[in-house]
Asks: 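Supplied in C-alpha cells, the structure appears directly below.
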2 protein chains.
Amino acid sequence: MAMSYITEKHILDRELKKGSAELLILSLIEDQPRHGYDIGNLIEQRSGGLLRFNVASLYPLLYRLEKRGWIQGRWVEKPGQRRRRYYRLTPEGKKVLAAQRISWREFVEAINRIIGMEHA
Amino acid sequence: MAMSYITEKHILDRELKKGSAELLILSLIEDQPRHGYDIGNLIEQRSGGLLRFNVASLYPLLYRLEKRGWIQGRWVEKPGQRRRRYYRLTPEGKKVLAAQRISWREFVEAINRIIGMEHA
DNA sequence: AGTAATATATGACATAGCCATATATTACTG
DNA sequence: CAGTAATATATGGCTATGTCATATATTACT
C-alpha cells in the first residue's frame, strides 16, 4: 500500500483522494462490516490501482469516523487469524453516507460544468 | 467569498475542494487570461454557489501554480481600475491541464465504481 | 529458520486550507 | 462629501490531515 507520486498527474490524485476517503470507507461497510486492511485493499482493487490508501492515513481516519459516531468498531478474534477490528455503519453513519453521496454527485457536476466536461 | 461550514455535508465539500482547485483555475484561464478575483467569482457563480474559494487559499495557490511554471501572471493597470494581475496558461500549463482532465475523469469513475454510482 | 503477507498502530514532519486582518482603489448613496 | 460597499491583492498564524518511517504481532509458506 505504499504511495509513489512521480508525475504531475499524481499530485492531483493525491489531493483529490483526501476528501473522498470518508465516502469510500462508508460505502464499503454499508452492506457488511469490514476491517481496516480489507477496506484498504478493496479500494485499491476496485479502482484498478488508481486509488491507494496509505495505512498511516487509513487507520487514523477510521478512528476519526468512529469518534464522530458514524462507524462502530469491534474486535474479532478467530483461531488461525490475527485479531481484526471490524467496523460497521451506525444509523448516524447511514444518514451521513446518504448525504455524502448526494454531495459527491453535486460536487462532480459543479466541477464538470466549470472545466467543460458536461458530457463526461 | 467567506466560507461557512455548518453541516456534515460541508465537511465533505471542504475536503473535496482541495484537489480540484488547480484543475478549476487552469480550466478557467484556458481561453483567456484572468485575474484572481475574477477566477474566484467565476467558480462561485458557475457552480451555483456550491464551490467557493477563500481568498486566503486562492492567491497562494496562484503563486504556487506560477512558481511551477504552469501559469504566468502580469500586472495590468488601467485608469479607473485598481491594478490587477492577469494569469495565462503557459505551454507547460496546457499539458498539465490536459493530463489533469484525464486524471479527473478517471478519478471520478474509480470513486463511482466503489461507492456504487456507475450511473451517476 | 527465514521471508512474506496479514493487520494494526503511531511519532515526526510537511503540506496546505482557513480565519482574521490589512491595504488600496473605485463606485455608490444619502 | 462622508460613509459604506465592492473590487483586488496580500499574508501571519492556526489547524487539519496526509505521508514517511518505523514498530509490533501473528500467520503462511518454503
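Letters A, B, ... mirror the listed sequences (proteins, then strands); counts begin at 1.
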Asks: Which ranges of DNA chain D pair up as stems, where a stem means three or more consecutive Watson-Crick or G-U pairs with both distances under 3.5 Å?
Replies: C:1-30 with D:1-30
Asks: Starting at the 5' end of DNA chain D and moving along, which residue's nearest nucleotide shows up first, Gly80(A) or Ser57(A)?
Replies: Ser57(A)
Asks: From Glu22(A) CD over to Trp104(A) CH2, what is the distance, rounded to the nearest 0.5 angstrom?
Replies: 13.0 Å
Asks: Ala56(B) side chain: which of dA9(C), dT8(C), dA20(C) is closest?
Replies: dA20(C)
Asks: By ring-ring contact (aromatic ring centres under 6.0 Å, His included), which residues pair with Tyr63(A), not counting sequence neighbours?
Replies: none
Asks: Under the side-chain contact (heavy atoms from CB on, under 4.5 Å) criterion, do Ile111(B) and Val108(A) qualify, and how do the steps go?
Replies: CA-CA 11 Å; Ile111(B) 300 281; Val108(A) 170; over 6 Å; no
Asks: Given that Arg83(B) and Trp75(A) both sit by DNA chain C, which one's nearest nucleotide is further toward the 5' end?
Replies: Trp75(A)
Asks: Is the phosphate of dG18(D) approached by Arg64(A) (side-chain N or O, under 4.0 Å from OP1 or OP2)?
Replies: yes
Asks: Calculate the interatomic distance between Ile39(A) atom CD1 and dT8(C) atom P; express it in whole Å.
Replies: 9 Å
Asks: So which heavy atom on Arg113(A) is nearest to which on Gly48(B), and how close?
Replies: NH2-N, 4.4 Å
Asks: From C-beta outward on Tyr59(A), which listed nucleotide comes closest to its side chain: dG17(C), dT19(D), dA9(C)?
Replies: dA9(C)
Asks: Rounded to the nearest 0.5 Å, how far does CZ of Arg46(B) lie from CG of Leu51(B)?
Replies: 12.5 Å
Asks: The side chain of Tyr63(A) is closest to which nucleotide in this list: dG17(C), dT23(C), dA9(C)?
Replies: dA9(C)
Asks: Show the atom names and distances, to 0.1 Å, of all donor-acceptor pairs under 3.5 Å that link a side chain in residues 23-31 of chain A to residues at least two apart or in another chain.
Replies:
unit_1: Ser27(A); atom_1: OG; unit_2: Leu23(A); atom_2: O; d: 2.9
unit_1: Glu30(A); atom_1: OE1; unit_2: Arg101(A); atom_2: NH2; d: 2.9
unit_1: Glu30(A); atom_1: OE2; unit_2: Arg101(A); atom_2: NH1; d: 3.4

Asks: Under 4.0 Å from OP1 or OP2 of dT8(C): is there any side-chain N or O of Tyr37(A) that close?
Replies: no
